[in-house]
S.K.: 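Just dropping this structure here.
All values derive from a computational prediction rather than experimental measurement. Atoms considered below: every heavy atom in the structure, side chains included; atoms not considered: hydrogens, waters and symmetry mates. Chain letters run A, B, ... following the sequence lines, proteins first and then strands; every chain starts at 1.
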Amino acid sequence: MRRVYLDHSATTPVDPRVVEAMLPYLTGKFGNASSVHLFGQEARAAADGARRQVAALIGARANEIIFTSGGTEANNLAIRGVCELAEPRHIITSSIEHPSVRGTLESLEKRGWVVTRLPVYDDGIIRLEDVRSALRSDTVLISVMMANNEIGTIQPIKEIGALVKEERQRGRRHLWFHTDAVQAAGRIAIEVEHLGCDLLTLSAHKIYAPKGSGALFLRRGVRLTPQQVGGHQERERRAGTESIANIVAFGTAAELAQREMPARNEHTRRLRDRFENAVKASIDDLAFNGDHKRRLPHLSNISFRFIEGEGLLIHLDMQGVAVSTGSACSSGTLEPSPVIRALGRDEELARGAIRFSFGKDNTDEDIDYVLEVLPRAVESLRALSPLSRQTIAAS
Amino acid sequence: MRRVYLDHSATTPVDPRVVEAMLPYLTGKFGNASSVHLFGQEARAAADGARRQVAALIGARANEIIFTSGGTEANNLAIRGVCELAEPRHIITSSIEHPSVRGTLESLEKRGWVVTRLPVYDDGIIRLEDVRSALRSDTVLISVMMANNEIGTIQPIKEIGALVKEERQRGRRHLWFHTDAVQAAGRIAIEVEHLGCDLLTLSAHKIYAPKGSGALFLRRGVRLTPQQVGGHQERERRAGTESIANIVAFGTAAELAQREMPARNEHTRRLRDRFENAVKASIDDLAFNGDHKRRLPHLSNISFRFIEGEGLLIHLDMQGVAVSTGSACSSGTLEPSPVIRALGRDEELARGAIRFSFGKDNTDEDIDYVLEVLPRAVESLRALSPLSRQTIAAS
Amino acid sequence: MSYSEAFKDHIANPRNAGELVNANAVAEQTNPVCGDRVRLSLRIRDGRIEAARFLAYGCPPTLACGSALAEMLEGMTIADALKLERKEIVTAVGGLPSRKQHAAALAIETLRAAIQNSVN
Amino acid sequence: MSYSEAFKDHIANPRNAGELVNANAVAEQTNPVCGDRVRLSLRIRDGRIEAARFLAYGCPPTLACGSALAEMLEGMTIADALKLERKEIVTAVGGLPSRKQHAAALAIETLRAAIQNSVN
Ligand SMILES: Cc1ncc(COP(=O)(O)O)c(C=O)c1O
Ligand SMILES: Cc1ncc(COP(=O)(O)O)c(C=O)c1O
């Protein structure tokens, strides 16, 4: 059976060039970066090289990069690290953050923090005016993702960064701006200086490196309470023996992402647009979720009326096509996606949403195959649905 | 130049069988374990298999294993996870814990916890009587490592476990027992049931798997506050996309460690004993650190009088021999090892301590070479030392 | 949440899907918690279910349980149908994790409602 | 903390190691913080350092700085030796991270003490 992977926002295959770059650190160069001897120096040099590569992807300095075990850890570290320096105060965020930001903020709410969740309207994008009017004198942190993982909408990060600068110029202190760029990295050019963010989260496995590696950009001079303690690694910001092979992989993937971004975006955008046009032509009762223009080029989120997404997912899976209903990280549950709900969609549309996320290695033949399989799957589920008018009458 | 790695307590080379087992998860089987589709199921099944392998190494059930990014994270999770359920109270630990335990406990002290650090006497082993008399009515946690990372001494874990059971039988509640078994695993047979511990820390890279993977055993029924939040992974105990390739590697390494433990121990013990006897015969003014019998079979910690360890380390490194002064994780600093100090050694001996830690792939030729290089290196450093009587008189 | 072969077969090839035009027992039940819905139409003659069709909206277990139920009902007496239990449906779909048992419960509930509603 | 080639060469092949039996200027200084120690013995004749030997105990930078110092002293006038600065020692060992600068400072300190102690 043909297998077509259209779930690149959940995770990406590892690029063979990345595997090749990391392999020496799984074989001969196995040192612990904390060791003084040559084996340790090899490891340290490798981590330093990767740090420069990751920094370059976002226009940061190498010493502003803290390697972590993934995007989730980086989000926890960013938010708790900044907030734990202060007494409970106020945080502004969007209503469509990834569970790792949402969950971290909820844990702070339990400790007395107040969180304002900004609406995203029907286009899936927050409004700068809303950020401005949510600001309180005790706001310590703004955490807004750069691009959403379910619908791909791109948030006005630069504008928020400018607002934060403005506030600082007016004499405000203790206001920090964090953005989760896990989905955006490698798909949108990122310059931390230009964006004006103080903290920024990255994850390796979304850019063709293995799972289990991430990074937090921490602007020079911004203070942070370490979360994982008991070791001098990462300049005392994150204790624990560095996962050198994963870090090297991350660095290589970052360099490739930077270099190949235009080509990858052009490729996935073309496939995505072709896919969307064909779906529109062949299937009725659809809703495309998220702003059509201000979204990532590789992602398409479609609600199929009358059916529930997971049934469609399984139908497609049985035919070798991998897609997702909502966030991979929360798809263990059957709650209708809170992101789609935040767009103002009714529950049926929220439950019928499917994310197709394309990757650099998808081909036109992949799309041909999905376009063959998908309409049939939708049709057969609708034939079963008591909500639909296409059900089978038997006698 | 010949390269001889004698720093297996800092980290181990990755076993080629382990690399082979993990490689498919870096290539075709790259799914996210949270995904519902086949790619996700492959990943989940792989993690479940590894969970059983790791559980088997310590006689636990698979659902008592929480995968983490390493031993440091597991120690943080164990200690803070248990303690954050309670108001600040009392903890008992040893004075020779790994920095990741030491640092976590220090962070709790800053929040009002009281920590009793038990002495280890000149043999590097704590006394059960000391544990018993340190117990207070508000003691919530005992955290004592199974075997020390610098001198290899084995602590009376089973006896402490029995003491804890006894206390429970007397009606005490809210007393938990954690042990850091990072150095012990794969070198001492571990049965959590038999040991009576509630939490136990493991790290993959000490048993011939890559760095960046660890596990916490959490006895069924023991409650814990998750530290990394915002995702349903690891049964809500540790959020974040699982590092499947590393987890598979860890599982394979655990299985190999269990199966090959007797042979590995016999091999390293023979090399270690041969090494120690030859060193004793060829170098004067030595002190062997840690109890001679109750210690790990692969480790030898020797203080060379009149010289400072790092100079010797560099001498050996320049000749291709990798060893360590004290804990790899703290060797960024030049503090005399607190572990050696805890044995009651003077500062000179503490500064002159070198850890030689042998591995399954070391050979007799490796030992021959080190025995050739080491005495010369010691001699030439002593020739420079104003503390020694062997310095060169020139005219 | 990896599904059994029997389960996947019910999803890929639902048995007895649709709505009977000449049904004499019909019910549609909704799970108020998650919004899952099962509709069952039966043709009952002489105390026996001659034909059964289902429609379902909701999570895959709901679809599979609807299919399994409709398949097993055909030819069954009303007396036997009333004795059907949740676990028989669960077995028919190859097992369900505990938090999906409600799907089988909804199917049984719909069956009982349909029999109750039957115009003999 | 990866050491330069120059540095490693000083460790592998220390210059002018030992103690002059016929020294006329000797000093031993200890860094009270870390216990590092440098001992310097000089033979000074006509305002010029004819021979210099060092001993050192402590971290590798201390050993390397002692070696670099003793090497550069031979043949130097006392006046020039008194002008020597920490950074010249640091350069001679191929650079030192900031938290190891104290090793060069200890070497300079010992040099000044030895000249002070000289019996002319
Ligand atoms: C937007 C976003 N943030 C954070 C994460 C979490 O990163 P990781 O999977 O590395 O823990 C993800 C991945 O699911 C994501 O899509
Ligand atoms: C006894 C002990 N505990 C914990 C750790 C930390 O484990 P990791 O290196 O996986 O963070 C180590 C490794 O240095 C260790 O030796």
S.K.: Only pairs of heavy atoms separated by less than 4.5 Å count here; which of B/K211, B/M318, B/H205 has the most with chain A?
M.R.: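 With the most close heavy-atom pairs to chain A, the winner is B/K211.
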
S.K.: Looking at B/G214, B/A33, B/A239, which makes the most heavy-atom pairs under 4.5 Å with chain A?
M.R.: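 Of the candidates given, the most pairs with chain A belong to B/A239.
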
S.K.: Heavy-atom cut-off 4.5 Å, strictly under: side chain, backbone, both or neither for B/V229 against chain A?
M.R.: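 Both the backbone and the side chain of B/V229 come within 4.5 Å of chain A.
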
S.K.: Can you name the closest pair of heavy atoms from A/L224 and A/L85 and give their distance?
M.R.: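 Closest pair (atom of A/L224, atom of A/L85, distance): N-CD1, 3.8 Å.
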
S.K.: Tell me, side chain or backbone of B/V323 under 4.5 Å from chain A's heavy atoms, or both, or neither?
M.R.: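 Only the backbone of B/V323 comes within 4.5 Å of chain A.
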
S.K.: Checking A/L313 against chain B: side chain, backbone, both or neither under 4.5 Å from a heavy atom?
M.R.: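 Side chain only.
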
S.K.: Do you know which of B/G320, B/S243, B/G31 has the most heavy-atom pairs under 4.5 Å to chain A?
M.R.: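 Looking at each of B/G320, B/S243, B/G31 in turn, B/S243 comes out on top.
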
S.K.: Hey, mind stepping through A/R111 and B/E84 against salt bridge (Lys or Arg N to Asp or Glu O under 4.0 Å) and telling me if it holds?
M.R.: CA-CA 12 Å; A/R111 293 195 240 153; B/E84 284 182 3; over 6 Å; no

S.K.: Where does A/S203 contact chain B at under 4.5 Å (heavy atoms): side chain, backbone, both or neither?
M.R.: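 For A/S203, no heavy atom lies under 4.5 Å from chain B.
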
S.K.: Determine whether the side chains of B/S100 and B/N75 contain a donor N or O and an acceptor N or O closer than 3.5 Å.
M.R.: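 There is such a pair between these side chains.
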
S.K.: Which atoms of B/L23 are under 4.5 Å from chain A, going by heavy atoms: the side chain, the backbone, both sets, or neither?
M.R.: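 Only the side chain of B/L23 comes within 4.5 Å of chain A.
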
S.K.: Taking NZ, NE, NH1 and NH2 as the nitrogens, is one of them in B/E109 or B/R117 under 4.0 Å from a carboxylate oxygen of the other?
M.R.: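 Yes, this pair counts.
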
S.K.: Looking at B/A43, B/A322, B/G212, B/G70, which one has more heavy-atom pairs under 4.5 Å with chain A than the rest?
M.R.: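 Maximum pair count with chain A is reached by B/A322.
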
S.K.: So, B/S337 versus B/R355: side-chain donor-acceptor pair below 3.5 Å or not?
M.R.: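 Looking only at side-chain atoms, B/R355 and B/S337 do not form any donor-acceptor pair under 3.5 Å.
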
S.K.: Under 4.5 Å, counting heavy-atom pairs only, tell me which of A/G103, A/P13, A/S69 racks up the most with chain B.
M.R.: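 Most heavy-atom pairs under 4.5 Å with chain B: A/P13.
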
S.K.: Top residue by heavy-atom pair count (under 4.5 Å) with chain A, among B/E106, B/R3, B/E73, B/Q227?
M.R.: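 Of B/E106, B/R3, B/E73, B/Q227, B/R3 has the most heavy-atom pairs under 4.5 Å with chain A.
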
S.K.: Checking B/T12 against chain A: side chain, backbone, both or neither under 4.5 Å from a heavy atom?
M.R.: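 For B/T12, backbone heavy atoms alone lie under 4.5 Å from chain A.
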
S.K.: Looking only at side chains, do A/S9 and A/Q183 share a donor and an acceptor under 3.5 Å apart?
M.R.: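 Their side chains do contain a donor-acceptor pair, which is all the 3.5 Å distance test asks for.
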
S.K.: Please work out which of the three classes, parallel, tilted or perpendicular, describes the rings of A/F30 and A/F39, given edges at 30° and 60°.
M.R.: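 Rings of A/F39 and A/F30: tilted, 30 to 60°.
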
S.K.: Just checking, is any N or O donor in the side chain of B/H8 or B/S357 under 3.5 Å from an acceptor N or O on the other one?
M.R.: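 No, no side-chain donor-acceptor contact under 3.5 Å.
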
S.K.: Considering non-hydrogen atoms only, spot the tightest contact between A/D7 and A/Y5 and give its length.
M.R.: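 In this case the closest contact between A/D7 and A/Y5 is O-OH, 2.9 Å.
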
S.K.: For B/T104, is it the side chain, the backbone, both, or neither that has a heavy atom closer than 4.5 Å to a heavy atom of chain A?
M.R.: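 Both parts, heavy atoms under 4.5 Å.
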
